[in-house]
There are 2 protein chains.
Amino acid sequence: MGMGRPREFDAETALDQAMEVFWRHGYEGATIAQLTEAMGINPPSLYACFGNKEGLLKAALDRYTKLRNIWMDEVVAAPTARAVAERMLMGIADKQTDPANPPGCLLVQGGIACGTGSENVPFELAARRAQNEDQLRDRFIRARAEGDLKESADPAALARYVSAVSVGMGVMASSGADREALRQVADVAVQAVEAQSARG
Amino acid sequence: MGMGRPREFDAETALDQAMEVFWRHGYEGATIAQLTEAMGINPPSLYACFGNKEGLLKAALDRYTKLRNIWMDEVVAAPTARAVAERMLMGIADKQTDPANPPGCLLVQGGIACGTGSENVPFELAARRAQNEDQLRDRFIRARAEGDLKESADPAALARYVSAVSVGMGVMASSGADREALRQVADVAVQAVEAQSARG
DNA sequence: CCACATCTGTAGTGAACACTACATATTTGG
DNA sequence: CCAAATATGTAGTGTTCACTACAGATGTGG
C-alpha cells in the first residue's frame, strides 16, 4: 500500500504565518481566506492538516508557547526574585514592541472575548497564560525559601501580579505604546517586587 | 406637520442591555440578533436609533465611560498618590468581579483585536482607556508638586503603570480570577507607587 | 506498470451575518 | 378628521463566512 502524495508545504512555516494573522486580527477577526493566503496554501490543505479553524489556532498556540517557554526558562534562571521580575518585564517590553511581530501578545490578542460557538478560545488562551504564572510562582516560592523574599511575601500573589502587568503591557503595546513607554511601566512595576525582597 | 410616532423603548435602558452583550462577547462576537433580543427591540429600531452596529457600540461606550468618569473623579479625590492608586485598584478589583456585570472591563473585552472592516474599534477603546490614564497623570503631577511624590518620580510613567495593572486585572477577571485574587494583585501593585512616595 | 493512498486546486455548499424595503401603526399640526 | 412624520414588525436582501465534494496530481509498495 502506498504512502500517498507528500505534503508540499512546511507545516511549521505555515503555522508561523497563521500565528501572525491570529495575532493581528484575533481568532474571530481572522478569516480562512486571510489564513490560507498568508500560509500559501488552499483551504483543503489547511483542513487536512489542522482539522478546522480552532485546531489551527491551537497548533499556532502550541508553537507560540513552545518558543515562549524557552524564554521563560531563561527568565526564572535569574538569581533573585527582583531580577526575575525585571528580566521578565523588560523582556516583555521589548518582545511586545518587536517590529518582527504584531504588537502585543498572541495570548491576549488571540481573543479575550468571543462569540457563541467560540467560547472555548478565551479559555484556551487563559490556560496558557496560567502556565507562565505557575512558573513564576514556583520560582518565587523558591526565592522565599532561599531568604530572597520576605517571609511575609505571598509568592502566588507576586506571580499573579507580574503576570497581570505583562498582560496590561501587552494591551498597551497593541494600542500603540512604544518600547520606551513599556520599559517605564516595567521599571515602576519591578519596585513592587523589590518591596517584597528581604534586602529591599 | 406632525412629529411622528414616539419611540416605544427607552434608549438608555436598551443601551445598558447592549453594553452587557458587547461586554460578554466582544464587538465582533456580538450579533445583531443577540443585541436586539437583549434590547427588546427589532433591527429597524436599532438602526433608526444608533445608525449601525459600530454606532451602537460607541453609544454604549459613551454611557459606560460617563458612569466610569464619575467614579474616577472619586478616585483622584483621594488625598495622596498612594491612596489614589489603592482606591483605583481596589475599586477595579471589586467592579471587575461584580456579579451584576460580566467579568472584566468593557474597554478591554469590547475588542482588543478586530478583523478587516472593524479596525476602528480597538482604537476607540484605546482612546477611552487613555482618558483615564490622563486623569491619573494629572493627579500624579499634582501629587509631585505637593511633595507627596518624590521629585524623581515620573507622573506619566506612574499613571501608565496603574493603567496597565488595571487592564491586566481586567483580563484576569474575564478569565475567572476571583475578587480576592485581584485584591492581592492590587495590594502588591500599590507598593510600587508607595516606593515613589516621599514618605515611603 | 499497476493498485492504492494521500495531497492539491477549483469551485462550490448551506448557514449566519449586518443591514433594509415595505406595509402598518401611532403620534402631532392644522 | 386629514396630512405629514416618525416608529414598528415582518420578511426579506446580498455578502461573507467556515467548511467540503470532487477530480486530477503525485507519491509508495508490489
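Per chain, numbering begins at 1; letters A, B, ... match sequence-line order.
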What integer distance in Å separates B:H25:NE2 from C:dC17:P?
11 Å
Whichever of B:Y27 and B:P6 has the more 5' nearest nucleotide on DNA chain C, that residue is B:Y27
Atom CE of A:M3 and atom P of D:dA25: how far apart are they, to the nearest Å?
23 Å
Distance below 4.0 Å between B:Y47 side-chain N/O and C:dT20 OP1 or OP2:
no
For the helix from C:dC1-D:dG30 to C:dG30-D:dC1, what is the angle between the axes at its two ends, each from 5 pairs, rounded to 10°?
10°
Does B:R7 contact D:dA7 through a side-chain donor or acceptor facing the base, at a distance under 3.5 Å?
no
Send over the distance from B:F50 CZ to C:dT20 C1', rounded to a whole Å.
18 Å
Comparing A:P43 with B:G51, nearest DNA chain C nucleotide closer to 5' gives the residue A:P43
Around atom CD of A:E37, are there more than 12 heavy atoms from other residues, nucleotides or ligands closer than 6.0 Å?
no
May I have the distance from B:E8 (atom CD) to C:dT24 (atom C1'), rounded to whole angstrom?
12 Å
Tell me the interatomic distance from B:K53, atom NZ, to C:dA16, atom C1', rounded to whole angstroms.
12 Å
Would you call A:K95 and A:D98 a salt bridge, using N to O less than 4.0 angstrom?
no
Give a yes/no on whether any side-chain N or O of B:S45 is located under 4.0 angstrom from OP1 or OP2 of D:dT8.
yes
Should B:P122 and A:Q109 count as side-chain neighbours, where that means a heavy-atom distance under 4.5 Å?
no
Would you please classify the geometry between the B:Y27 ring and the B:F22 ring as parallel, tilted or perpendicular, with 30° and 60° separating the classes?
parallel
B:R7 to B:F9, cation-pi by 6.0 Å centre distance and 45° axis angle
yes
Measure the distance from CG on B:L35 to P on C:dC19 and round it to the nearest whole Å.
11 Å
Take atom CG of A:N42 and atom C1' of C:dT8, then tell me their distance rounded to the nearest Å.
7 Å
What I want to check is whether the side chains of A:Q184 and B:R160 have a donor and an acceptor closer together than 3.5 Å.
yes
Atom-pair distance (CD1 on A:I32; P on D:dC19), nearest Å
6 Å
Are side-chain N/O atoms of B:S152 and B:Q196 paired as donor and acceptor at under 3.5 Å?
no
In terms of side-chain heavy atoms of A:R5, which of D:dG24, C:dA21, C:dA25 is nearest?
D:dG24
